[in-house]
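See structure below.
Residue numbering restarts at 1 for every chain, and letters A, B, ... go by the order of the sequence lines.
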Amino acid sequence: DAGVIQSPRHEVTEMGQEVTLRCKPISGHNSLFWYRQTMMRGLELLIYFNNNVPIDDSGMPEDRFSAKMPNASFSTLKIQPSEPRDSAVYFCASSSEPHLAGAVTGELFFGEGSRLTVL
Amino acid sequence: SQQGEEDPQALSIQEGENATMNCSYKTSINNLQWYRQNSGRGLVHLILIRSNEREKHSGRLRVTLDTSKKSSSLLITASRAADTASYFCATDHTGGFKTIFGAGTRLFVKA
């Protein structure tokens, strides 16, 4: 299995531009997560999907952030307009176990991340 | 807020020594996981321990869980230079559905 695939690996953009990050989860996994990692705040959960449905987006920082999962094999995280404080490494992770209230969750498989720099 | 908090924040040891990292959390959990992150890479799962387990082994790794103290430890025995990485604990708390990561321990193993 190729694992979780993220693109682009690196993105440098200017403030105000739209940024789209992409993720292909492991085939057969039904839970997908977007995390953001910074030195100051560590790993923050932004949003997660179960069976393509957004379950919890309370970690999405602002309306400038949006995420979609149109099918089981693809998800996007979009920032529009981008700001310098959005600079971070964004990780996508998938899991074969449901992450629902009361369920016992399991191992997450992470992609290599997308390093975003907003100038 | 973060569920798990690791200590120490950083640890430097000689190759061959054992490394112990600790994790504390605040609310009841279903399970606790440890992950490793090499510089510039994604996180890699190491081991999962469920709330009804007290100890688990995987190769040179030993994880303990004390639910009464809300703490866990990760022991890496006979460390190698290749073990140099950041190590994170992650908790899935009872009644919730999120995996929350701590701030991590940076381990440096000197050859």
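Heavy atoms only, all atoms of each residue included: F91(A) and Q37(B) are closest at CZ-NE2, 3.4 Å. Here the closest heavy-atom approach between residue L48(B) and residue E107(A) is recorded as CD1-N, 4.2 Å. The two residues F110(A) and L43(B) make their nearest non-hydrogen contact at CB-O, 3.3 Å.
Rounded to the nearest 0.5 angstrom, F101(B) CZ and E44(A) CD are separated by 13.0 Å.
More than 12 heavy atoms of other residues, nucleotides or ligands lie within 6.0 Å of CD in E62(A), so this atom counts as buried by the packing criterion. Atom NZ of K110(B) sits in a crowded spot, with more than 12 heavy atoms from other residues, nucleotides or ligands closer than 6.0 Å. Heavy-atom contacts from other residues, nucleotides or ligands closer than 6.0 Å to CZ of R80(B) number 12 or fewer. In this structure, R41(B) places its CZ atom where only 12 or fewer heavy-atom neighbours from other residues, nucleotides or ligands lie under 6.0 Å away. With a 6.0 Å radius and a threshold of 12 heavy atoms from other residues, nucleotides or ligands, N71(A) has its CG atom above the threshold. In E14(A), the CD atom is not crowded: 12 or fewer heavy atoms of neighbouring residues, nucleotides or ligands sit closer than 6.0 Å. More than 12 heavy-atom neighbours from other residues, nucleotides or ligands sit within 6.0 angstrom of CZ on R64(A).
Heavy-atom distances place the side chain of Y35(A), and not its backbone, under 4.5 Å from chain B. Interface residue Q37(A): only side-chain heavy atoms are found under 4.5 Å from chain B. If you measure heavy-atom distances from S58(A) to chain B, the contacts under 4.5 Å come from the side chain alone.
At distances below 3.5 Å, at least one donor-acceptor pair connects side-chain atoms of E112(A) with backbone N or O atoms of G42(B).
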Inset, instruction - Verify side-chain contact (heavy atoms from CB on, under 4.5 Å) between T99(B) and L45(A), making sure each step is shown before the conclusion. - result: CA-CA 8 Å; T99(B) 299; L45(A) 176 63; over 6 Å; no
